[in-house]
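I have placed the structure first, in the form of structure tokens, so that the comments after it can refer back to it.
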There are 2 protein chains.
Amino acid sequence: MNLKSRPRPKHLRIGEIADRAGLRTSAVRYYESAGLLRHPDRVNGRRRYDETVLEELAVIRLAQLAGFTVAEIRTLMHGFARPTPPSERWRKLANAKLAEVDRKLADLEHMRIVLRSLLRCECPTLEDCARVLPPRAASRPG
Amino acid sequence: MNLKSRPRPKHLRIGEIADRAGLRTSAVRYYESAGLLRHPDRVNGRRRYDETVLEELAVIRLAQLAGFTVAEIRTLMHGFARPTPPSERWRKLANAKLAEVDRKLADLEHMRIVLRSLLRCECPTLEDCARVLPPRAASRPG
DNA sequence: CTGGAAGTTCAAGTGAACTTGAAATCAAGA
DNA sequence: TCTTGATTTCAAGTTCACTTGAACTTCCAG
């Protein structure tokens, strides 16, 4: 039989996985405990991975770049009844996240405006600077 | 003497201060303990304020709207040799903050781009979505 | 066999800006 | 006086994504 020709799955320890993914081993263990990665096989108590875990870590990274929290990534990866295509998974989560990102963007743009005006300030006291503010808590217009 | 005509400083308790500022009393105490507000007079152990504290709270709020942390606000309000005009105080802090805000803005813009592309995803698996990512940790280009 | 690197678990620490809880005190109206 | 509500202090909890520390165990080269 052609046992040799079949590429047998190299078993990798957590240190090598972490290195290849640019993570600390503690992060890999954390992802496992947080339900992002499933429990890998163990050899004498130590985790043994095959290379597919690197793809799962890449998914995690992609989702992080998109701003998703660990809880959201868990939903994304394991929170759907079986064969749910990525398109639907993303749609379920990305719209809300987009709205969230847009809110944060607006906040930061506002900060920029405030900061620029503060840099042009000529008030005699700090209290004078603050007098331009709306009387009370009016951060979100009713 | 015209004692009546002189507006005597109404002494306000912490609850009223908090209400007028749109804060919780716990926040006002926190600001005091964090060195943003000085220790007010006490009557029978309870804090008594005059209305000027509302202006200091307005300064705090302004600074928060600009994105400053509590530590930075403390510097702003009490971290300068005495008669330092606001212009100089703001300048010392606002430039760095502006750079910080711009970095966060860029991060969020990037998230937006990623999210929009995910919403257009047609990959058969999540792992395929992630294949477009740069091989390893390349978040900041060298 | 030995030493050191790498692995294990579990609890606790990090930072930011407050909030909450507990237990006690105080003011004021019925 | 009773009772309610506001206040006090202090420590600890909250959220997030990990990291760190302590105390062991296991693997591997020499």
Side-chain angles (χ1 to χ4, degrees), chain A residues 10-37 39-49 53 56-57 59-77 93 97 100-101 104 107-108 111 137 139, chain B residues 11-37 39-49 53 57 59-77 93 97 100-101 104 107-108 111 137 139:
Chain A
K10 245 178 91 183
H11 47 293
L12 301 160
R13 288 160 303 165
I14 195 172
E16 186 148 9
I17 292 296
D19 281 352
R20 290 212 208 171
L23 295 170
R24 321 278 296 263
T25 58
S26 61
V28 177
R29 286 192 204 97
Y30 169 71
Y31 291 155
E32 181 184 327
S33 77
L36 305 192
L37 299 178
H39 305 301
D41 294 341
R42 301 258 182 156
V43 176
N44 283 325
R46 341 197 82 172
R47 294 169 177 80
R48 281 305 159 85
Y49 299 91
V53 75
E56 301 182 30
L57 288 171
V59 172
I60 293 172
R61 194 157 86 81
L62 172 61
Q64 284 179 324
L65 286 175
F68 291 110
T69 66
V70 163
E72 289 160 343
I73 300 173
R74 182 173 44 229
T75 298
L76 173 74
M77 297 176 79
L93 292 163
K97 185 58 65 178
E100 197 183 317
V101 165
K104 290 188 184 175
D107 286 349
L108 285 171
M111 283 184 200
S139 49
Chain B
H11 47 292
L12 301 161
R13 288 161 303 165
I14 194 171
E16 186 147 9
I17 291 297
D19 282 351
R20 291 214 208 170
L23 295 170
R24 321 280 296 266
T25 57
S26 61
V28 177
R29 288 192 203 97
Y30 169 72
Y31 291 156
E32 180 184 328
S33 78
L36 304 191
L37 299 178
H39 304 300
D41 294 341
R42 300 262 182 152
V43 176
N44 284 326
R46 350 212 61 188
R47 293 170 178 79
R48 282 301 160 87
Y49 299 91
V53 76
L57 288 171
V59 171
I60 292 172
R61 193 157 86 84
L62 172 62
Q64 284 179 325
L65 286 174
F68 291 110
T69 66
V70 163
E72 290 161 343
I73 300 173
R74 181 172 46 230
T75 298
L76 173 75
M77 297 176 78
L93 292 163
K97 186 56 65 178
E100 199 182 317
V101 165
K104 290 187 183 175
D107 286 349
L108 285 170
M111 284 184 198
S139 51

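Naming convention: chains lettered A, B, ... in sequence-line order (proteins, then strands); numbering from 1 in each chain.
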Quickly work out the Arg42(B) CZ to dC26(C) P distance and round it to whole Å. 13 Å
Round to a whole Å and report the spacing from CD of Glu16(B) to C1' of dG5(D). 15 Å
Rounded to whole Å, NE2 of His39(A) lies from P of dG7(C) at a distance of 19 Å
Atom-pair distance (CG on Asp19(B); P on dG5(D)), nearest Å: 15 Å
Could you encode protein contacts along nucleotides 10-30 of chain D as a string, one character per nucleotide from 5' to 3', using B for base contact, S for sugar-phosphate-only contact and - for no contact, with a heavy-atom cut-off of under 4.0 Å? -------BBBB-----BS---
What's the CZ-P distance between Arg29(B) and dT19(C), to the nearest Å? 11 Å
Scan Leu57(B), Val59(B), Leu65(B) and name whichever one has a side-chain contact (heavy atoms from CB on, under 4.5 Å) with Arg61(B). Leu65(B)
Whole angstrom value for the distance that separates C1' of dA16(C) from NZ of Lys104(B): 11 Å
Could you tell me the separation between the CD1 atom of Ile17(B) and the CG atom of Leu12(B), rounded to the nearest 0.5 Å? 4.5 Å
Test item: Lys97(A) side-chain N/O and Phe68(A) main-chain N/O as donor-acceptor pair under 3.5 Å: no
Within-4.5 Å side-chain heavy-atom neighbours: Arg42(A) and Arg47(A): yes
Provide the closest heavy-atom pair for Arg48(A) versus Pro40(A) in the form atom of the first, atom of the second, distance. O-CB, 3.6 Å
For a quick check of understanding: with a heavy-atom distance under 4.0 Å over all strands, which category does Arg47(A) fall into, base, sugar-phosphate or nothing? sugar-phosphate
Are any side-chain N or O atoms of Arg13(A) and backbone N or O atoms of Arg46(A), one a donor and one an acceptor, separated by less than 3.5 Å? no
